[in-house]
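A short write-up of the structure that comes next.
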Number of protein chains: 2
Amino acid sequence: MPNRSTAHPQLAHEVLAAVLQVRAGSLRVLLWERGMEPHAHRWSLPGGRLGGDESVEDSIRRQLAEKVDVRQLAHVEQLAVFSAPDRVPGPRTIATAFLGLVPSDNDPALPSDTAWHPVDTLPETAFDHHAIVLRARDRLRAKLSYTNIGFALAPPEFTVSALRGIYSATLGYRVSATNLQRVLSRRGLLEATGETSRPGRAGGRPAALYRFTCRGMQVTDPFAVFRPPSR
Amino acid sequence: MPNRSTAHPQLAHEVLAAVLQVRAGSLRVLLWERGMEPHAHRWSLPGGRLGGDESVEDSIRRQLAEKVDVRQLAHVEQLAVFSAPDRVPGPRTIATAFLGLVPSDNDPALPSDTAWHPVDTLPETAFDHHAIVLRARDRLRAKLSYTNIGFALAPPEFTVSALRGIYSATLGYRVSATNLQRVLSRRGLLEATGETSRPGRAGGRPAALYRFTCRGMQVTDPFAVFRPPSR
DNA sequence: CATGTTTTCGATTCTAAGGCGAAAACCTCG
DNA sequence: CGAGGTTTTCGCCTTAGAATCGAAAACATG
């Protein structure tokens, strides 16, 4: 089927990322405050225009490097395309949105216009960025239940209660440490390091340290309710 | 952060859809045979260039109307963005890929260059369309397990064995009718119509007819392993 | 050393899914 | 019209994973 031969309008493509991290007990997103119109002084997602010789994945990593040390990004995945014709003023711009995750022990140096905001109490955001953040949050919450994506939120080594804090902050409700421990262990995602952490000032039994058994730091979706036979 | 001020290359955006349907006992995808170079006589996904005043969702529905009666599309969802710089020859083109589903009782009239191909034995495909089809297939298989997306593959009313056939063809292995019946019922997705179908020539007990309890024909993702409290 | 705190582990319950076989309902053919 | 064959349906049992509970372990402080 031939393409329609009308002149095509100028069209730009941008990449945006909702970079999430658990810090100070709540799930937060990296935003920067716009200095210029349109939407000056509103908060927006990091990102920028797609370059001529890069994929959207390459592009978002390149652009995020301006905001945060990309080596601290433990996970990046496509979220969705946002393409409403009036989503931004000016020339038509399509956005590919990403979800990025930073482990909770990292505290990257940030530009002065950039800060972490709790995803549940966002400031005034620019354009459709509010909806993108919520979509990222929902995607993360869903995947936390049935994938090993938690490794991207946790430090390399952690105690079960620390992990419980991360899961609780992300999901928005308190999960049981006992259950978390066994569910992740049964799935073969958790591995004891043998080390233990020193207890806090209040005493208590020292907690064993664990790590995720990351097979190559990939998010796996091992989910099938109707199982293939032979198991 | 200001945009870089270099001139931006011409960039096009296209939408593509992997429209899947179970027919003749196997999961198939709607492809059309290219008449012109590049990649003449190879099979490619329906779609086309994004119009100036439409979202990608609007666009894919408009473009699919040229191939298949869109009223038969029970479900359409974004799949992913494909953006490798060399994914198609000629000017740079970004693709937003969709997954579309047609219930198995529909047999839409097709243009002469268009046909259904089993997703597991694809003919020679154009560009990166092969990868897109496989991604759509995998997404469908995964979601079939933990959402109600099956309603988009099934007729309005069906017997349990018919549904079993659809699930088996989609997943690629045989599922148990007994279990399928109970799992879907327990989730509250299945509803008896009261009617029964007449048995085939070979006899047998007449099968009860069911329908999906589609709350507004939406795909719901009711999945949480770590449950919120109060349930 | 007693007390308090935190973590860990085992035992039990609960829910969902998978498997099996008997019963039900219908056909065709002799 | 009844015997045999076919397909569907339903109940019971097993298995697996998750949630809950409480006791025991390991440490700090006074």
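Residue numbers start from 1 in every chain, and the chains themselves are labelled A, B, ... in the order their sequence lines are given, proteins ahead of strands.
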Any side-chain N or O of B/Ser161 under 4.0 Å from OP1/OP2 of D/dT8? yes
Length of the line joining A/Asn179:CG and C/dT8:P, which is rounded to integer Å: 15 Å
Which part of the nucleic acid, if any, lies within contact of B/Ala208, taking any heavy atom under 4.0 Å across all strands shown: a base, the sugar-phosphate backbone alone, or nothing? sugar-phosphate
Partners passing ring-ring contact (aromatic ring centres under 6.0 Å, His included) against A/Phe127 (at least two apart in sequence or in another chain): A/His39, A/His129
Could you give the CZ-to-P distance, from A/Arg182 to C/dT13, as a whole number of Å? 15 Å
Reading nucleotides 22-30 of chain D from 5' to 3' and marking B where a protein heavy atom lies under 4.0 Å of the base, S where only the sugar-phosphate is that close, and - otherwise, the string is ---BBBSS-
Pairs touching residues 22-32 of chain A that satisfy salt bridge (charged side-chain N to carboxylate O under 4.0 Å, His left out), sequence neighbours left out: A/Arg23-A/Asp107
How close or far is atom C1' of D/dT15 from atom CZ of A/Arg186, stated in whole angstroms? 12 Å
For A/Asp58, give me all partners under salt bridge (charged side-chain N to carboxylate O under 4.0 Å, His left out), at least two apart in sequence or on another chain. none
Sequence-distant partners of A/Val160, side-chain contact (heavy atoms from CB on, under 4.5 Å), two or more places apart: A/Ala177, A/Gln181, A/Tyr210
Salt bridge (charged side-chain N to carboxylate O under 4.0 Å, His left out) partners for B/Arg42, two or more places apart: B/Glu124
Applying side chain to side chain contact (heavy atoms under 4.5 Å, CB included) to B/Leu45 and B/Leu31, what does each step give before you reach the verdict? CA-CA 5 Å; B/Leu45 293 170; B/Leu31 297 175; 3.6 Å; yes
Specify the separation, in whole Å, of atom CZ of A/Arg164 and atom P of D/dA19. 14 Å
Nearest-angstrom distance from the residue atom CG of B/Leu209 to C1' of D/dT8: 12 Å
Distance check needed: D/dT9 C1' versus B/Phe158 CZ, whole Å only. 16 Å
Distance in angstrom units between A/Tyr210 OH and C/dT7 P, rounded: 12 Å
Does a nitrogen or oxygen in the side chain of A/Gln181 sit under 4.0 Å from OP1 or OP2 of C/dT8? no
Are a donor atom and an acceptor atom from the side chains of A/Glu191 and A/Thr213 found within less than 3.5 Å of each other? no
Round to the nearest Å and state the distance from A/Leu180 atom CG to D/dT20 atom P. 13 Å
